[in-house]
Amino acid sequence: MSNATASSTTDPGTDTTNVADRDKARRWREGGSEPLLRVRDLRVTFQRQGAEPFEAVQGVSFDVHPGQTVGLVGESGCGKSVTSLAIMGLLPERGNKVSGTVDYEGTNLLELSDQQMRDKRGKDIAMVFQDPLSSLNPVIPIGLQVTEVLERHRGMSRKAATPVARELLDRVGIPDPDRRLRDYPHQLSGGMRQRALIAIALACQPRLLIADEPTTALDVTIQAQILALLKELVEETGTALVMITHDLGVVAGLCDEVNVLYGGRIVERGDRHDLFAQPRHPYTNGLLASIPRMDAPRGQRLVPIPGSVSDNLPWTSACAFAPRCSQPIEVCTQKMPELEEHHQRALRCFNPVEVSR
Amino acid sequence: MTPSPMDPRPNAKKDRIDSLAQTAGGSGATATAVKDVHVGAAGKVKDTGGVSLIASAWSRLRRNPVFLIGAAITVVFVLLALFAPLIAPHDASKRLPQLLENLTPGNIPGPMSGSPLGSDEFGRDLLSRLIVGARQTLIVGVFATLFGLTGGIALGTLAGAFGGWVDSLVMRVVDVMLSVPSLLLAVSIAALAPKPSQWTVIIAIATVQVPIFARLLRGSMLAQRGSDHVLAARALGVKQSSIVFRHMLPNSLGPVIVQSTLVLATSIIDAAALSFLGLGNPDDRQPEWGQMLGAAQGLIQDYPHLAFYPAACIIVVALGFTLMGESLREALDPKSRR
């Protein structure tokens, strides 16, 4: 399993851009800037009558600095999307309990009123969702859906907003934007719909964009285009991006810092280069090892992580990942490992993977 | 379907409306997906939206004999109603001398030249009265449905948009209204009016339709509330009113509009029933089928045709609307597509 070096996933070392990336990342970590978003001990509990309350997010903390791209990675059900919805204040009030703090430029978003939060959403923080078809209103033209946000947050008239909308569509690479403004979502291809959604999300130049698996519903070539577009736009506008994904390839290409989630808690965090080069948590390691590789000999089988996400132990009394772990030790099933920070990385594991170099 | 006005099982009625709403709720996404396929199959993208959905529905309807029969009946009926005074051979409110000649206490003249269906009990031309009656029937049916639709949309939007206690309150009221058999409710409301007229009939029937539309709309609004594009709109901080009126309501209206063609049939039957019971317009110079049927009641032993013709008109027109509505619903419902 020690073959999970970075050589095939990313290309570190001599590449100068990567060196620049690292410098950037270090600057963020060494406190060069105040974090834009500071999530501390975020907990989300689903409470339903007649059922045990279920804690989907169990004390997640992370920072996002201005202009930084942070990845939240994990498999289905690990709490990625719930985390993002909780930050946006979009979880239905009934049946959900959200606690902790979500500081955005010093304001705790969780304490804002509905109205205040509505003023922030779309203007300061925007979100791009997974399925571009169902995230667009099927009965009104794309143009109206773009101008709607401009009218709402920038106080523009429909007339003034239209050329801006046209520009936005043009910026996200939609050809013939004048015509597309009048088109309905079903007349656009999947990739174009996602471009339109990105245009809508970035319409008011938010400082933070949360992208919840923005490429999952697209095919591979379009995925690459959309990711390139996101990266370009984020760098150009200085928007911070929280990228939620289960796709490590996306993380490798885009994120400055990566948080790996398992069972509602962060199990490992690090700079993407370090993390890919030396995964310390067996889960991260397993995820990396399970990726098909171009340079693997023909016929070599993929290495899956055994079991499924439902084979969990409760975090309170053990390591949730222990039943699926490749190298559990006795203590793993007896108490919970804490998230320990060292050397600009964080790790929640009693028996981490040996450093290979 | 046979919308029995005296449905003894209000629960069955509720279930049916709910299931309708459910199929419709899912149709938001599926319908557009189907639209997409259709656009792809046609090989070109049309410039206006929605056309492809209607076009695909139309291509199915065009070959559906049930729809064609229903539509033919409806078109003939609407044309008759619109141009009634031009089409009717005589003035429906005047007694014709040629018929009066033969009208004695023991004899109502039958078909003769210039009066193909003969006379009614007062010596007026029966055919002309039937044709002019179509107009009254259409007015009552359309207005009752329109008012019912308006009320239903208002209540359904209220319940679906706010949810919570508003939803509970509105829906309990709607449940109470649905629990009373619809014709009984209509009769009670019409009987409250101090002076019966065409409008009391319209209001009575509209009131009965309100809960049906309200429940249907509320169901699809709730489905829309959980939909991704509404979540996306909320994530953009769009105002609550815009979310309701721009994002939820237009996506929920489809099933309600289709239901209204079915409700038109019920309205026509109910209107006839109220007039038959003497709760309609008492002025028989303005003929109405139910009222004609009521007047023929006493003569049915000797002159059954006086009752037969208006009854047949009511049945055929109601059938026409029902056939058309059902096939429309089927064509627009992605789940029942073959």
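Below, chain A is the first sequence line, B the second, and so on; all start at residue 1.
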_Evaluate B/D175 against B/R215 for salt bridge (Lys or Arg N to Asp or Glu O under 4.0 Å), listing each step before the verdict._
CA-CA 9 Å; B/D175 282 348; B/R215 207 176 167 87; 2.7 Å; yes

*Angle class for the A/F54/A/F46 ring planes (parallel below 30°, perpendicular above 60°, tilted otherwise)?*
tilted

*Flag yes if more than 12 heavy atoms outside A/R154 fall under 6.0 Å of its CZ atom; otherwise flag no.*
yes

*Where on A/L136 is there a heavy atom nearer than 4.5 Å to chain B: the side chain, the backbone, both, or neither?*
backbone

*In this structure, are over 12 heavy atoms from other groups packed under 6.0 Å from A/E93 atom CD?*
no

*asked:* Parallel, tilted or perpendicular, judged at 30° and 60°: which one describes the rings of B/W58 and B/F67?
replied: perpendicular

*Could you tell me which of B/A235, B/G164, B/A232 has the largest number of non-hydrogen atom pairs under 4.5 Å with chain A?*
B/A235

*Of all of B/G237, B/S242, B/A233, which one pairs up most often with chain A through heavy atoms under 4.5 Å apart?*
B/G237

_Suppose we screen for side chain to side chain donor-acceptor pair (under 3.5 Å). Which residues come up paired with B/T261, at least two apart in sequence or across chains?_
none

_Tell me whether A/E167 at atom CD has more than 12 heavy atoms from other residues, nucleotides or ligands lying less than 6.0 Å away._
no

*Who in residues 113-127 of chain A is close to chain B, using a strict under-4.5 Å heavy-atom cut-off?*
A/R118, A/R121, A/G122, A/I125, A/M127

